[in-house]
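To start, the structure itself, in structure tokens.
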Amino acid sequence: MNRSTLLRAAVAAASVSLLAACGGNASADGEEKKPSSAGSTPSATAAFTVTHVGGPTAVLEVAGQRILIDPTFDAPKKYKSGMSKIKGPAFGPEKLGKIDAVLLSHDQHDDNLDGKGRELLKDMPVVFSTPGAHKRLGDHITPMKSWEERELKSAGSTIKVTAVPALHGPDGVDRGADGEVTGFVLSGKGVPTTYISGDNASVKVAKQVGDRIKKDIGAIDTAILFAGAARTPAILDNAPLTLTSKNAALVAKDLNPRKVVPIHTDSWDIYSEDIKSLVKAFKEQGVDGKLVDLEPAGEKKNLS
């Protein structure tokens with residue numbers, strides 16, 4: 001190897017070291033490689049995590065922002081509605097830390113928004129929910145109709161929030177205002193495309209959402225599915241009001257996300273199916289490898 005070749009090799013090695021120290025990437029010939037700008041897969045640097053608090057409540061950290069889903073923070077108790085909370089949250093609101101936004105699937109039912117959850121909403125910078133929630137709770141709720149889009153902006157990222165349809169009961173049933181509920185999809189540059197089902201019980205509706213998102217935005221990276229097959233004798237003759245374990249597995253199989261985060265299966269007496277039945281159903285459909293183990297509650301889980 002002559003002196004000129006040695007010099008070029010030394011310069012290339014120095015460039016690699018300098019770029020690495022500054023957080024960049026370089027090839028062996030010293031040429032800097034630009035990071036991918038794809039928005040449907042997890043960022044190589046930004047945290048993408050979920051912390052399950054209990055029931056439908058979870059904290060999602062994505063693209064440098066922290067998003068709270070369906071806040072329920074009451075201690076165990078029985079409600080006027082007849083349902084009971086049988087297990088408290090993994091931690092209280094005082095340990096939440098900074099929250100950039102709340103995604104509230106609906107406000108009508110205690111298992112998705114309890115007393116302490118309602119108090120918490122008033123201190124949140126932005127709360128996205130249904131038009132009905134805006135009417136009932138006030139102007140601190142930003143109403144979103146299905147397929148309406150909003151943006152969550154921070155110094156380092158912009159997350160597009162799309163409201164998507166959800167059916168709070170069996171196909172073909174219209175429960176009126178009591179059944180009004182929404183799901184959400186998060187997307188954007190450096191944002192893993194994430195589907196949050198809300199209290200949807202319909203495989204058909206989830207498939208329609210998935211088909212449109214894949215067409216308009218791209219493949220779904222992560223699905224946060226509300227399962228538990230919630231039932232109450234007073235509504236629709238005890239029909240499931242959220243995804244059964246089998247239907248959650250069918251949704252996962254059809255949408256084919258990289259990861260599935262199962263919530264809404266514990267802490268309330270209205271759930272007729274639990275995480276064990278969910279795991280069994282996912283195994284039967286051959287998609288159990290997608291499931292994220294959220295135990296123990298309160299522990300941050302990596303989704304990258």
Side-chain angles (χ1 to χ4, degrees), residues 52-58 69-72 74-90 104-114 117 165-176 178-183 195-207 223-255 260-285 287-288 290-297:
H52 186 221
V53 179
T57 308
I69 300 169
D70 280 19
T72 56
D74 284 353
K77 60 180 290 188
K78 186 164 185 175
Y79 294 82
K80 292 181 180 178
S81 62
M83 71 174 67
S84 294
K85 190 170 190 178
I86 57 178
K87 184 181 179 181
L104 176 64
S105 66
H106 63 301
D107 69 299
Q108 305 95 298
H109 307 131
D110 299 308
D111 62 308
N112 294 85
L113 182 67
D114 61 15
L167 181 61
H168 205 354
D171 287 325
V173 168
D174 181 4
R175 294 177 56 197
D178 185 58
E180 183 190 30
V181 62
T182 187
Y195 168 52
I196 302 166
S197 73
D199 269 15
N200 171 62
S202 170
V203 176
K204 181 180 178 181
V205 168
K207 185 180 187 306
I224 300 177
L225 300 183
F226 288 39
R231 303 174 192 265
T232 175
I235 300 177
L236 301 177
D237 197 25
N238 220 34
L241 306 178
T242 56
L243 289 170
T244 63
S245 296
K246 180 180 178 180
N247 284 346
L250 290 174
V251 169
K253 191 171 184 178
D254 183 77
L255 270 57
V260 174
V261 178
I263 59 176
H264 200 277
T265 65
D266 66 275
S267 302
W268 297 82
D269 68 346
I270 59 171
Y271 304 143
S272 62
E273 298 178 14
D274 59 16
I275 194 67
K276 290 182 180 179
S277 66
L278 193 75
V279 171
K280 182 176 181 291
F282 271 60
K283 284 183 177 178
E284 290 172 350
Q285 295 297 324
V287 290
D288 53 303
K290 298 178 180 294
L291 277 173
V292 176
D293 183 2
L294 295 176
E295 291 296 332

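Only heavy atoms go into these numbers, but all of them, side chains included; no hydrogens, no water, no symmetry mates.
A cation-pi arrangement is present between Lys77 and Tyr79 under the rule of less than 6.0 angstrom and at most 45 degrees off the ring axis.
Of all the heavy atoms in Gly179 and His168, the pair that sits closest is O-CB, 3.5 Å. Considering every non-hydrogen atom in both Asp74 and Pro89, the closest pair reads O-CD, 3.3 Å. Scanning both residues, Pro170 and Ala239, for their nearest heavy atoms gives CG-CB, 3.7 Å. Pairing each heavy atom of Ala201 with each of Asn247, the nearest pair is O-ND2, 4.1 Å. Gly55 and Tyr271 make their closest contact through CA-OH, 4.1 Å (heavy atoms, listed as atom of the first residue, atom of the second, distance). Of all non-hydrogen atoms in Pro262 and Leu278, the two that sit nearest each other are CB-CD2, 3.2 Å.
Looking at heavy atoms from C-beta onward, Ile263 lies out of side-chain contact with Leu225 at the 4.5 angstrom threshold. Residues Val260 and Val292 fail the side-chain proximity criterion, which asks for heavy atoms closer than 4.5 Å.
Counting only N and O atoms by type, the side chains of Asp110 and Ser81 include a donor and acceptor under 3.5 Å apart. Thr57 and Asp70 share no donor-acceptor pair across their side chains, judged by distance under 3.5 Å alone.
Partners of Asp178 under the side-chain hydrogen bond (donor to acceptor under 3.5 Å, both in side chains) rule, at least two apart in sequence or in another chain, are His109, Arg175. Partners of Lys78 under the salt bridge (Lys or Arg N to Asp or Glu O under 4.0 Å) rule, at least two apart in sequence or in another chain, do not exist in this structure. Gln108 meets the side-chain hydrogen bond (donor to acceptor under 3.5 Å, both in side chains) test with no other residue; sequence neighbours excluded. Applying the side-chain hydrogen bond (donor to acceptor under 3.5 Å, both in side chains) criterion to Ser245, with sequence neighbours excluded, gives Glu273, Ser277. Taking the side-chain hydrogen bond (donor to acceptor under 3.5 Å, both in side chains) definition, one finds that Asp114 meets it with Lys85, sequence neighbours left out. Listed by chain and residue number, nothing satisfies the salt bridge (Lys or Arg N to Asp or Glu O under 4.0 Å) test with Asp111 (two or more places apart in sequence, or in another chain).
Between Lys253 atom NZ and Glu284 atom CD the span is 11.0 Å, to the nearest 0.5 Å. With rounding to the nearest 0.5 Å, the separation of OG1 in Thr265 from CG in Asp274 is 7.0 Å. Remark: Asp266 CG to Leu294 CG distance equals 9.0 Å, nearest 0.5 Å.
Listed for the Ser272 side chain is a donor-acceptor partner under 3.5 Å among the backbone atoms of Ala229. The main-chain N or O of Ala227 is found under 3.5 Å from a side-chain atom of Thr242 such that the two form a donor-acceptor pair. The backbone N or O of Ile86 lies less than 3.5 Å from no partner atom in the side chain of Ser84, so there is not a single donor-acceptor pair.
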Leu104 and Leu113: CA distance, side-chain angles, deciding distance, side-chain contact (heavy atoms from CB on, under 4.5 Å) verdict: CA-CA 8 Å; Leu104 176 64; Leu113 182 67; 4.1 Å; yes
Criterion side-chain contact (heavy atoms from CB on, under 4.5 Å) on Ile224 and Tyr195, from CA distance to verdict: CA-CA 6 Å; Ile224 300 177; Tyr195 168 52; over 6 Å; no
Step-by-step side-chain contact (heavy atoms from CB on, under 4.5 Å) determination, Asp254 to Val251: CA-CA 5 Å; Asp254 183 77; Val251 169; 5.9 Å; no
Thr232/Leu241 under side-chain contact (heavy atoms from CB on, under 4.5 Å): CA gap, chis, key distance, verdict: CA-CA 8 Å; Thr232 175; Leu241 306 178; 4.1 Å; yes
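Other residues, nucleotides and ligands contribute more than 12 heavy atoms inside 6.0 Å of the CG atom of Asp171.
Classification of the His264-Phe226 ring pair by plane angle, with boundaries at 30° and 60°, yields parallel.
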